[in-house]
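For reference, the structure discussed in these notes is given below.
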Amino acid sequence: ALYQPPDITKPCYVRVNTLKLDVDSALHELGKQFKVQKDDMIPHLLVLPPHTDLHNHSLVLNGSIFVQGKASSMVAAVLDPKPGWEVLDACSAPGNKTVHLAALMKGKGKIIACELNKDRAKRLEDTVRLSGAANIEVLHGDFLNIDPKGPFSKVGNIIYCSLTMRDPSTWHIMCSYLRANTLPQVSAILLDPSCSGSGTAAQRLDHLLPSRTTDFVDTERLNKLAAFQKKALAHALSFPAVKRIVYSTCSVNQIENEDVVNSVLPLATSNGFQLATPFPQWQRRGLPVFEGSEHLLRTDPVEDKEGFFIALFVKRGSEKNSEE
Ligand code: SAM
């Protein structure tokens with residue numbers, strides 16, 4: 001497809017971090033400087049005029065609001081974790097969705113934020129600190145090594161634990177305790193794995209960089225990414241107590257999206273999961289490449305500013321008990 005430049009008339013979005021500030025106060029504060037309103041679909045998301053630059057705004061610097069696009073903000077909202085749940089964010093750095101989960105859970109329950117890359121795990125820690133969330137453990141390790149039926153201890157180190165940071169002197173004791181005792185009673189998994197990023201503006205502007213060609217598609221890289229994405233999604237589907245799984249990418253490629261979901265459907269069905277329809281009022285659905293793809297959600301890289309893909313798996317019979 002021909003490159004289309006991002007539509008600069010599209011609005012900007014910020015997500016209110018309700019752990020630190022309520023939506024009305026954010027509206028009031030931002031309303032002093034900007035025309036601002038609530039998004040009609042995503043709770044806690046505010047819409048501002050195009051080009052609004054908030055990067056140095058005090059509410060951003062103190063973690064009261066996060067500059068986060070609408071499509072990206074849909075992901076944790078679709079998982080819809082309840083306060084008190086144990087949630088696994090499988091591939092979590094830099095942590096925008098992790099701290100969104102914490103806000104949705106009102107800081108109650110536990111989030112295990114897994115990240116393979118050490119430097120990115122540090123960025124994740126910074127995001128968690130900024131958010132003020134007190135229920136997140138950062139686990140530096142490979143999601144694929146988490147035994148769905150065993151303790152997390154074999155995976156890697158819990159390198160940051162906001163539950164205990166208030167008293168650094170007991171931090172190491174608490175983390176040893178967690179390593180030994182944390183059992184995966186995980187109710188929900190957010191899986192936002194490494195992807196090509198082909199739905200993001202930065203990727204779409206790649207061709208403007210010197211020595212890149214516009215029509216270059218790295219098939220080998222896409223195949224490798226898709227293989228990992230399938231493995232990771234199949235792994236998420238094998239956690240016994242999990243009721244909800246969200247799979248998301250910021251890619252527009254079928255091979256990373258519909259094809260990944262389609263490939264795990266037999267496993268999903270035999271493990272008691274079915275596809276559910278996130279935001280049924282949203283028009284753009286999955287590409288019609290298999291029966292059931294209408295459940296999937298896509299956003300358009302130009303019309304919606306970012307090209308995201310979201311699939312929601314729900315354990316059959318768990319819908320009625322979603323408050324537990
Ligand atoms: N969800 C994040 C957010 O919204 O801020 C973005 C996640 S990014 C798309 C994917 C992340 O997964 C990268 O930071 C990458 O290092 C990490 N990752 C890749 N393979 C992983 C694995 N096997 N286990 C855990 N994390 C992994």
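FYI, side chains are in, hydrogens and waters are out, and symmetry mates aren't considered; it's all heavy atoms of this structure. Start at 1 and go down the list; that is how both ligands and their atoms are numbered.
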Does a side chain donor of either Glu86 or Gln185 reach within less than 3.5 Å of an acceptor in the other side chain?
->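 The criterion, which ignores hydrogens and geometry beyond distance, is not satisfied for Gln185 and Glu86.
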
Going by distance alone, is a donor N or O of one side chain under 3.5 Å from an acceptor N or O of the other, for Ser198 and Ser196?
->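 Yes.
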
Report yes or no: does [X] have a heavy atom closer than 4.0 Å to ligand 1?
{"X": "Cys195", "answer": "no"}
{"X": "Ser72", "answer": "no"}
{"X": "Gly141", "answer": "yes"}

Pairwise side-chain contact, Met74 with Phe308, heavy-atom cut-off 4.5 Å (strictly under) |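 Answer no - side chains too far apart.
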
Report yes if the side chains of Ile42 and Phe279 come closer than 4.5 Å at any heavy-atom pair, otherwise no.
->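 SC-SC contact between Ile42 and Phe279 confirmed.
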
Could you check [atom] against the protein and tell me its nearest heavy-atom contact, residue, atom and distance included?
{"atom": "atom 11 (C) of ligand 1", "answer": "Glu115 OE1, 3.7 Å"}
{"atom": "atom 12 (O) of ligand 1", "answer": "Cys91 CB, 3.1 Å"}
{"atom": "atom 19 (C) of ligand 1", "answer": "Ser194 OG, 3.2 Å"}
{"atom": "atom 26 (N) of ligand 1", "answer": "Leu116 N, 3.2 Å"}
{"atom": "atom 6 (C) of ligand 1", "answer": "Ala93 O, 3.1 Å"}
{"atom": "atom 14 (O) of ligand 1", "answer": "Arg120 NE, 2.5 Å"}
{"atom": "atom 4 (O) of ligand 1", "answer": "Lys97 NZ, 2.8 Å"}
{"atom": "atom 23 (N) of ligand 1", "answer": "Asp142 OD1, 2.7 Å"}

Looking only at distances, please establish whether an N/O atom of ligand 1 is found under 3.5 Å from an N/O atom of [X].
{"X": "Phe143", "value": "yes"}
{"X": "Asn117", "value": "no"}
{"X": "Leu144", "value": "no"}

Pull out every atom of ligand 1 sitting under 4.0 Å from any heavy atom of [X], numbered as shown with elements.
{"X": "Ser92", "answer": "1 (N), 2 (C), 3 (C), 5 (O)"}
{"X": "Gly95", "answer": "3 (C), 5 (O)"}
{"X": "Ala90", "answer": "25 (C), 26 (N)"}

Is it true that [X] and [Y] have a side-chain N and a carboxylate O under 4.0 angstrom from each other?
{"X": "Asp40", "Y": "Lys70", "result": "yes"}
{"X": "Arg298", "Y": "Glu258", "result": "yes"}
{"X": "Asp126", "Y": "Arg129", "result": "yes"}
{"X": "Arg284", "Y": "Asp300", "result": "no"}

Would you mind telling me if ligand 1 is within reach of the side chain of Cys250, the backbone, both or neither, using heavy atoms under 4.0 Å?
->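 None of Cys250 does.
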
Part of Ala232 with heavy atoms under 4.0 Å of ligand 1, whether side chain, backbone, both or neither =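 No part of Ala232 comes within reach of ligand 1.
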
Heavy-atom pair of closest approach, residues Val252 and Gly307 =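 Minimum heavy-atom contact is CG1-CA, 4.1 Å.
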
So, for Cys91 and Glu115, which heavy atoms are closest and what is the spacing to 0.1 Å?
->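 So the minimum-distance heavy-atom pair works out to C-OE1, 4.2 Å.
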
Qualifying residue, where the test is side-chain contact (heavy atoms from CB on, under 4.5 Å) with Val23 and the options are His28, His44, Arg15 =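 Answer to the side-chain contact (heavy atoms from CB on, under 4.5 Å) test with Val23 among His28, His44, Arg15: His44.
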
Aromatic plane relationship, Phe309 with Tyr247 - under 30° parallel, 30 to 60° tilted, over 60° perpendicular =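 Ring orientation of Tyr247 relative to Phe309: perpendicular.
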
